[in-house]
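Quick notes on the structure that follows.
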Amino acid sequence: MIENSIIPDAARAGATNSDDVAPIFARDFGDFTWGAATSAYQIEGAHNADGKVDSIWDTFVRRRGKIKSRESGAVACDHYRRFDSDVALMRDLSLQAYRFSIAWTRIFNAPRTRANDKGIDYYQRLIDALLEAGIEPFVTLYHWDLPQYLENTGGWTNRDTISYFCDYATECARRFGDRVRNFIVFNEPMIFLSLGYLLGIHAPGRRGFKNFFAASHNVLLAQAEAAREMRRHLPNAQIGTTISATAAYAASASTRDTAATTRFDTLYNTFYLEPVIGRGYPTQNFPVLKKIEKYIQPGDMEKIKFDFDFWGLNTYTRKIVRYSRYLPYTHWRELKNAPNTRATALNWEIYPEAIYDLLKKYSAYPEIKKIYITENGAAFHDELVAGRVADHNRIDYLKSHLREIARARNEGAKVAGYFVWSLLDNFEWAEGYHARFGLVHNNFLTQARRIKDSGYWYRDFIRGKTHC
Ligand code: FCB
């Protein structure tokens with residue numbers, strides 16, 4: 001267990017965010033990959049084109065009251081039809097890598113059928129366009145869009161879903177593995193399982209411990225089984241997976257606040273990692289998590305392990321945690337942002353040191369060989385004025401986080417790349433379209449794209465012309 005520390009902001013050594021510090025250039029990161037990220041449902045649109053069937057997100061967005069302003073990803077950025085010009089934009093931004101996800105429902109539109117050639121063809125064309133532009137594809141297999149036909153038979157709570165996922169992963173390996181060197185099996189199990197299976201605020205909208213623990217265990221089994229299949233087919237590929245990470249700090253040094261923070265850290269940061277690296281589920285400090293044991297069958301804890309070539313970390317903010325007597329099971333509450341805190345449009349506190357702490361924390365695991373920051377970025381109320389988005393707040397966010405990454409890397413953190421979330425403004429799940437995360441602005445009525453000042457800044461940074 002890696003200890004959490006209480007970090008009084010003012011006393012924080014090494015914290016950087018002023019201009020009187022030494023400039024850091026992209027070359028100072030050494031051998032490093034610079035990219036941007038998206039996911040299928042958030043940008044593709046074309047929700048029923050060319051044989052694609054519904055995923056749980058297509059159906060979830062139709063439910064009343066689930067999505068702000070009743071928006072959906074049915075059209076989103078229409079990237080499915082505009083990927084060519086979007087790849088041209090990526091080239092303009094000098095991106096070295098692009099992380100995107102494959103929609104399972106474009107590949108298999110019914111259980112145990114032949115793969116859908118049109119869906120496969122689409123991703124092959126996208127991959128070819130990227131390679132032609134000199135951009136390395138990082139392909140996520142599962143960014144939350146389970147086929148609805150599998151949800152109808154229990155989805156991730158049903159162990160049978162594991163073999164369907166393996167078939168899908170194998171098909172992706174066979175059809176894309178000649179051109180793609182980097183695969184990411186899952187995106188953020190903790191987030192889609194807690195929001196989608198425990199709290200019911202993301203697809204598929206299920207609630208309760210039974211759903212949550214069964215689904216969690218099955219997802220981790222599916223992850224390792226699929227990763228093994230992929231490695232068998234593609235011995236030279238880099239097989240990774242991505243977790244969400246939220247640095248947690250205790251509100252005080254009291255035993256109760258510290259213990260609450262440890263529980264928070266376990267659920268948010270290690271529960272979906274430690275079984276995979278052979279340490280078992282970290283339930284010792286958090287008894288309610290023991291409920292997962294009910295779903296473990298003989299041999300599972302061997303099968304759940306996989307030696308990933310890299311781990312992706314997605315991180316945006318931090319949490320300050322206090323003990324709470326009133327909240328059942330977790331007995332913690334997250335403090336609200338202090339009045340003078342800098343925060344994004346989603347009210348996520350901006351706290352760059354968190355990324356340093358997380359990189360140190362995960363780098364301390366000997367089982368983790370390599371880390372990519374597979375998502376980091378910020379939503380702001382961007383305005384397009386006379387053809388320009390002057391998003392200096394986003395530039396500051398990126399710079400301050402990159403400086404912390406450089407600091408961690410200089411101290412030996414195993415971080416090898418960085419992907420901004422996101423390439424484009426897109427459909428931000430239950431938040432709809434008002435949360436704009438893009439380096440590129442999108443007008444969702446006309447689909448006109450416009451590179452924001454942050455996009456130009458990132459381009460110049462990658463080209464070595466400016467520093468963070
Ligand atoms: C992450 C998701 C990504 C995006 C960002 C803001 O949790 O992986 O799809 O929504 O948050």
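With hydrogens and angles left out, the side-chain atoms of Tyr372 and Asn182 include no donor and acceptor closer than 3.5 Å. For the residue pair Tyr281 and Glu293, no side-chain donor N or O sits within less than 3.5 Å of a side-chain acceptor on the partner. Side-chain contact check for Thr374 and Asn314: at least one donor-acceptor pair (N or O, by modelled atom type) lies under 3.5 Å. Neither side chain, Tyr149 nor Asn109, offers a donor N or O lying under 3.5 Å from an acceptor on the other. Defined by atom type and a distance below 3.5 Å, a donor-acceptor pair is missing between the side-chain atoms of Asp58 and Asn48. Under 3.5 Å, the side chains of Ser244 and Tyr316 contain no donor-acceptor pair of N or O atoms. Side-chain contact annotation: Glu411 with Tyr356, donor-acceptor N/O pair under 3.5 Å present. Side-chain contact of Gln124 with Asp128: a donor-acceptor pair under 3.5 Å is absent, judged by distance alone.
Note on Lys52 versus Glu44: no salt bridge recorded, every NZ/NE/NH1/NH2 to OD/OE distance being 4.0 Å or above. Salt-bridge check for Asp265 with Lys361: passed, with a basic side-chain N closer than 4.0 Å to an acidic carboxylate O. Salt-bridge check for Arg99 with Glu375: passed, with a basic side-chain N closer than 4.0 Å to an acidic carboxylate O. Taking a cutoff of 4.0 Å between a charged side-chain nitrogen and a carboxylate oxygen, Arg407 and Glu353 do not qualify as a salt bridge. Note on Arg403 versus Asp28: no salt bridge recorded, every NZ/NE/NH1/NH2 to OD/OE distance being 4.0 Å or above.
Partners of Arg181 by side-chain hydrogen bond (donor to acceptor under 3.5 Å, both in side chains), not counting sequence neighbours, listed by chain and number: Glu136. Every residue meeting the ring-ring contact (aromatic ring centres under 6.0 Å, His included) condition with Phe32, not counting sequence neighbours, appears here in chain and number order: Phe29, Trp34. Checked against side-chain hydrogen bond (donor to acceptor under 3.5 Å, both in side chains), Arg333 has no partners two or more places apart in sequence or in another chain.
Ring geometry for Trp311 versus Phe308: interplanar angle over 60°, hence perpendicular rather than tilted (30 to 60°).
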Steps toward side chain to side chain contact (heavy atoms under 4.5 Å, CB included) verdict (Ser39, Asn187): CA-CA 9 Å; Ser39 87; Asn187 180 65; over 6 Å; no
Step-by-step side chain to side chain contact (heavy atoms under 4.5 Å, CB included) determination, Ile127 to Phe100: CA-CA 10 Å; Ile127 292 164; Phe100 65 95; 4.0 Å; yes
Check against side chain to side chain contact (heavy atoms under 4.5 Å, CB included), Arg159 and Gln297: CA-CA 11 Å; Arg159 267 179 98 104; Gln297 295 183 7; 3.5 Å; yes
Intermediate values then yes/no, ring pair (Phe, Tyr, Trp, His ring centres under 6.0 Å), Phe286 and Phe271: CA-CA 11 Å; Phe286 198 170; Phe271 194 61; 8.4 Å; no
Candidate pair Ile296 and Ile304, rule side chain to side chain contact (heavy atoms under 4.5 Å, CB included), full reasoning: CA-CA 10 Å; Ile296 305 177; Ile304 220 163; over 6 Å; no
Verdict with supporting geometry, Glu151 and Arg206, salt bridge (charged side-chain N to carboxylate O under 4.0 Å, His left out): CA-CA 11 Å; Glu151 175 62 19; Arg206 292 172 180 244; 2.9 Å; yes
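Asp121 places no side-chain N or O within donor-acceptor distance of the main-chain N or O of Asp117, the cut-off being under 3.5 Å. The closest donor-acceptor contact from the side chain of Arg228 to the backbone of Phe306 lies at 3.5 Å or more, if one exists at all. In this structure, the side chain of Glu274 does not engage the main chain of Pro282 through any donor-acceptor pair within 3.5 Å. Checked by atom type and distance alone, the side chain of Asp257 never pairs as donor or acceptor with a backbone atom of Arg322 at under 3.5 Å. The backbone N or O of Ala46 sits nowhere less than 3.5 Å from a side-chain atom of Asp78 that would complete a donor-acceptor pair. At least one donor-acceptor pair under 3.5 Å links the side chain of Tyr168 to the backbone N or O of Leu141. When atom types are taken as modelled, the side chain of Thr157 and the backbone of Asn211 share no donor-acceptor pair closer than 3.5 angstrom. Panel note: side chain Arg231, backbone Ile239; no donor-acceptor pair is recorded below 3.5 Å. Looking only at distances, no side-chain donor or acceptor of Asp309 sits under 3.5 Å from a matching main-chain atom of Gly240.
Heavy atoms from other residues, nucleotides or ligands lying under 6.0 Å from NZ of Lys369 number more than 12. Under a cut-off of 6.0 angstrom, the local environment of OH in Tyr329 is sparse, with at most 12 non-hydrogen atoms contributed by other residues, nucleotides or ligands. Around the NZ atom of Lys290, the shell of radius 6.0 Å holds more than 12 heavy atoms that belong to other residues, nucleotides or ligands. More than 12 non-hydrogen atoms from other residues, nucleotides or ligands lie less than 6.0 angstrom from CZ of Arg112. The environment of Arg459 atom CZ is dense: over 12 non-hydrogen atoms of other residues, nucleotides or ligands sit within 6.0 angstrom. Sparse packing is recorded around NZ of Lys210, with 12 or fewer heavy atoms of other residues, nucleotides or ligands lying under 6.0 Å away.
Nearest heavy atoms, Gly200 versus Phe60: O-CZ, 4.1 Å. For Ala251 against Leu335, the heavy-atom pair with the smallest separation is CB-CD1, 3.9 Å. Closest heavy-atom contact between Cys77 and Gln42: SG-O, 4.3 Å. The minimum heavy-atom distance between Ala354 and Arg318, with the atom names listed, is CB-CB, 4.1 Å. Across every non-hydrogen atom of Ala40 and Tyr123, the tightest pair is CB-OH, 4.3 Å. Heavy atoms only, all atoms of each residue included: Arg91 and Ile135 are closest at N-CD1, 4.0 Å.
Once rounded to the nearest 0.5 Å, the distance linking OG of Ser422 with CD of Glu428 reads 9.0 Å. Between the CD1 atom in Ile184 and the OG atom in Ser101 there is a gap of 10.0 Å [rounded to 0.5 Å]. Glu171 contributes atom CD, which lies 9.5 Å from atom NE2 of His233 (distance to the nearest 0.5 angstrom). In this structure, OG1 in Thr242 is found 12.5 Å from CD1 in Ile191, a value given to the nearest 0.5 Å. To the nearest 0.5 Å, atoms OH (Tyr80) and CG (Asp86) are separated by 14.5 Å. In this structure, the separation between SG on Cys172 and CD1 on Ile107 is 5.5 Å, given to the nearest 0.5 Å.
Applying ring pair (Phe, Tyr, Trp, His ring centres under 6.0 Å) to Trp156 and the options Tyr197, Phe186, Tyr164, Tyr295 leaves one that passes, Phe186. Screening Tyr41, Phe427, Trp429 for a ring pair (Phe, Tyr, Trp, His ring centres under 6.0 Å) involving Trp144 leaves a single residue, Trp429.
Ring centers of Tyr122 and Phe83: under 6.0 Å apart, within the cut-off. Checked against a 6.0 Å centroid threshold, the rings of His401 and Tyr397 count as neighbours.
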